[in-house]
Amino acid sequence: MKKALVLYSGGLDSRLVIRLLQDQDFQITALYFALPFGCGCSNMNCNLNLIQREPINLKILDVHKEPLLSEYLKILKSPKYGAGAGINPCKDCKIFMLKKAKEYANKHKIQIIATGEVIGQRPMSQVPSAIKTIDEELGFEILRPLCAKKLKETSFEKSGLVDRNKLLKITGRGRKEQMKLAEKYKIKYPSPGGGCLLCEKVPASRIKHLLEKNLITEKTLPLTTIGRHFFINDTWFVVARNAKESEIISTFKNHIPDDIGKPSVYMHQRPSGNTALELQEAYSTGDNEEKRNKFTIYQLSEKKSLAPKLK
Ligand code: SF4
C-alpha cells in the first residue's frame, strides 16, 4: 500500500495535493496543525465541516496544548531563520511542522510527506531560496506536487513511487490554475480564513511582549487573542470588549466579573490598589475618554516601554 501524509491547511492547495496523490493510488492521511495564533488558510471548524462532507483520514496536532505549545513558543522567541513583517517565523514554523510530520510518518510507515506549497506564492517561505533552506535544515525529502516539475526530481519520483508526469508546475501568487483544477475535480474549498496573527502588526507586538514576559501558557493562551491588553506595574490586565470576551475572562481565577455594563478584567497577579477597578470603570462606557487617557500609554502595542510607574 502506498501511503502519503499531506500537510493539510484545509485550503484549496492542500486539497488538490490530496486529489493528485489519490489519483496515484496513495492512501492519504491529512495532517492538520491547529496553531495557536492562526494558520494560513482556514480554521479548524471550517476544516472539520469540509472533512465530514468529503471523507478524508484527518489527524490533528493541537499546538495549543503542551508539550507542543512550549516547543512552538520557543521558536517564536528566537527563530533560527528570522521573522517576517510581524513576528512570523515562517521558515522555522514550516520546519517545526514538517519535523512533526516526519515523526508521524515514521511511526505509521508512511513513505511520503507532501505539501501544497507553490513556488513564489508566499514571500518568506515559498521562494526557492527559502525552500532550499527548509529542505537543508530538514535533511529529508518533501514532495511538493503542485510545483514539483519546477523543482529537482525527488527520490520518490526517481524510484517510480510517484509519477512525475502527473505532477504540476504551478508558480506564483495567482490562483487561476488551482481554481480551474478545483472545477475539474469538483473540489469544494473554503474562502481564505483569518490568516496568521503573527503577521499582523498589532497582535504580533502584543504577543511579542507577552512572550518576553513568559506569560503565555496553555492556560493563558485564550487571553492572548481577545480584549484590550495593559501592562501596569508588572501586572498584565486584559479588559473584555464584549460579552463573549467577558465570558472567557470570567473563567480565570484572577478576574473582576462583569457587572451591569462593566467589562470583565483579568489580571495575572493581584495588583495593589484599585487599578483593575479603575480600568473596568474606564472601559464601562464608550465616552470615558478622560479616564481611558490615563491608561493609554500602558496599552500593549502602544509605547508601553516608555510608560512610567502608575501611582
Ligand atoms: S504565516 Fe508563517 S508563522 Fe504563520 S502559520 Fe504560516 S508559516 Fe507559520
Side-chain angles (χ1 to χ4, degrees), residues 1-35 39-42 44 46-63 65 67-68 93-119 126 131 134-170 177-178 180-190:
M1 168 68 71
K2 297 200 295 183
K3 291 184 185 174
L5 183 68
V6 175
L7 244 68
Y8 181 71
S9 69
L12 175 55
D13 292 344
S14 47
R15 278 167 189 276
L16 283 172
V17 169
I18 288 173
R19 179 56 202 257
L20 289 175
L21 292 178
Q22 279 172 335
D23 279 355
Q24 294 205 31
D25 299 324
F26 276 90
Q27 186 191 76
I28 307 292
T29 300
L31 182 62
Y32 177 74
F33 282 85
L35 294 172
C39 310
C41 293
S42 49
M44 186 138 77
C46 172
N47 274 336
L48 293 176
N49 279 339
L50 284 150
I51 292 272
Q52 280 153 11
R53 274 194 271 152
E54 300 165 17
I56 298 170
N57 178 20
L58 175 70
K59 165 78 188 161
I60 295 171
L61 283 188
D62 192 351
V63 188
K65 303 237 162 68
L68 291 179
C93 183
K94 281 269 166 68
I95 290 165
F96 166 80
M97 291 192 275
L98 288 165
K99 282 187 175 168
K100 295 292 163 204
K102 181 68 173 168
E103 282 169 23
Y104 185 88
N106 286 348
K107 198 167 158 198
H108 294 85
K109 301 198 175 5
I110 297 175
Q111 299 102 321
I112 285 178
I113 297 170
T115 71
E117 289 166 294
V118 166
I119 295 177
Q126 292 181 29
I131 290 179
I134 291 170
D135 286 353
E136 279 172 6
E137 175 71 35
L138 290 174
F140 54 84
E141 280 183 304
I142 300 296
L143 185 72
R144 298 177 171 92
L146 299 186
C147 59
K149 283 183 174 163
K150 290 282 179 186
L151 296 169
K152 253 174 58 191
E153 199 173 12
T154 60
S155 66
F156 312 125
E157 294 149 271
K158 283 182 191 155
S159 68
L161 187 63
V162 175
D163 183 350
R164 184 170 173 88
N165 292 322
K166 292 183 181 162
L167 303 180
L168 308 177
K169 50 178 180 190
I170 304 175
E177 285 188 65
Q178 288 97 315
K180 255 195 237 162
L181 284 166
E183 223 177 288
K184 176 179 157 195
Y185 290 129
K186 299 196 178 3
I187 292 175
K188 297 187 195 92
Y189 58 96

Ignoring hydrogens and geometry, is there a side-chain-to-backbone donor-acceptor pair from Thr154 to Leu143 under 3.5 Å? no
Do Val63 and Phe96 have side chains that approach each other closer than 4.5 Å (heavy atoms only, starting at C-beta)? yes
Which heavy-atom pair separates Ile170 from Val118 by the least distance, and what is that distance? O-CG1, 3.6 Å
Would you call Lys158 and Glu153 a salt bridge, taking side-chain N to carboxylate O under 4.0 Å as the test? no
Kindly say whether Leu21 contributes a backbone atom to a donor-acceptor pair with the side chain of Gln24 at under 3.5 angstrom? no
Report the C-alpha distance between Tyr104 and Leu61 in whole Å, list the side-chain angles of each, state the deciding distance to 0.1 Å, and finish with yes or no for side-chain contact (heavy atoms from CB on, under 4.5 Å). CA-CA 10 Å; Tyr104 185 88; Leu61 283 188; 5.7 Å; no
Residues in ring-ring contact (aromatic ring centres under 6.0 Å, His included) with Phe156, at least two apart? none
Donor-acceptor pair, distance only, cut-off 3.5 Å: does the side chain of Gln111 make one with the backbone of Lys3? yes
Please test Glu117 against Lys94 for side-chain contact (heavy atoms from CB on, under 4.5 Å), starting from the C-alpha separation and ending with a verdict. CA-CA 11 Å; Glu117 289 166 294; Lys94 281 269 166 68; 3.7 Å; yes
Considering only NZ, NE, NH1 and NH2 on the basic side and carboxylate oxygens on the acidic side, decide whether Asp135 and Arg144 come within less than 4.0 Å. yes
Yes or no on side-chain contact (heavy atoms from CB on, under 4.5 Å) for Thr115 and Val17, after CA distance, side-chain angles and deciding distance? CA-CA 7 Å; Thr115 71; Val17 169; over 6 Å; no
Do the side chains of Tyr8 and Ile28 get nearer than 4.5 Å, heavy atoms only? no
Please identify each residue that fulfils ring-ring contact (aromatic ring centres under 6.0 Å, His included) with Tyr185, with sequence neighbours left out. none
Is the backbone of Leu161 close enough, under 3.5 Å, to the side chain of Lys2 for a donor and an acceptor to pair up by distance? yes
Atom pair CG (Asp23) and CG (Asp163), whose distance is rounded to the nearest 0.5 Å: 11.0 Å
Checking side chain to side chain contact (heavy atoms under 4.5 Å, CB included) between Phe26 and each of Ile110, Ile112, Leu20, which is the one that passes? Ile112
Looking at Ser155, is its backbone amide N or carbonyl O close enough to the side chain of Glu141 to form a donor-acceptor pair, meaning the two atoms are under 3.5 Å apart? yes
I need the Leu168 CG to Glu177 CD distance, nearest 0.5 Å. 8.0 Å
With distance as the sole test, does Arg164 use its side chain to make a donor-acceptor pair with the main-chain N or O of Ala148 at under 3.5 Å? yes
Inter-residue atom distance Leu31.CG - Asn57.CG, 0.5 Å rounding: 10.5 Å
Which is it for Glu157 and Leu167 under the side-chain contact (heavy atoms from CB on, under 4.5 Å) test, yes or no, and what are the steps along the way? CA-CA 10 Å; Glu157 294 149 271; Leu167 303 180; 3.8 Å; yes
Under 4.0 Å between a Lys/Arg side-chain N and an Asp/Glu carboxylate O for Glu103 and Lys100? yes
Should Met97 and Leu35 count as side-chain neighbours, where that means a heavy-atom distance under 4.5 Å? yes
If every non-hydrogen atom of Ser9 is compared with every non-hydrogen atom of Ser14, which pair is closest and at what distance? N-OG, 3.2 Å
Spell out, as yes or no, whether a donor-acceptor pair under 3.5 Å connects the side chain of Lys99 to the backbone of Leu138. no
Among Ile131, Leu7, Leu98, the one residue meeting side chain to side chain contact (heavy atoms under 4.5 Å, CB included) with Ile142: Leu98
Taking atom CD of Gln178 and atom CG of Leu12, what is their separation to the nearest 0.5 Å? 6.0 Å
Calculate, to the nearest 0.5 Å, the distance between atoms CD1 and OG1 belonging to Ile18 and Thr29 respectively. 9.5 Å
Euclidean distance, Ile60 CD1 relative to Tyr32 OH, rounded to 0.5 Å: 7.5 Å
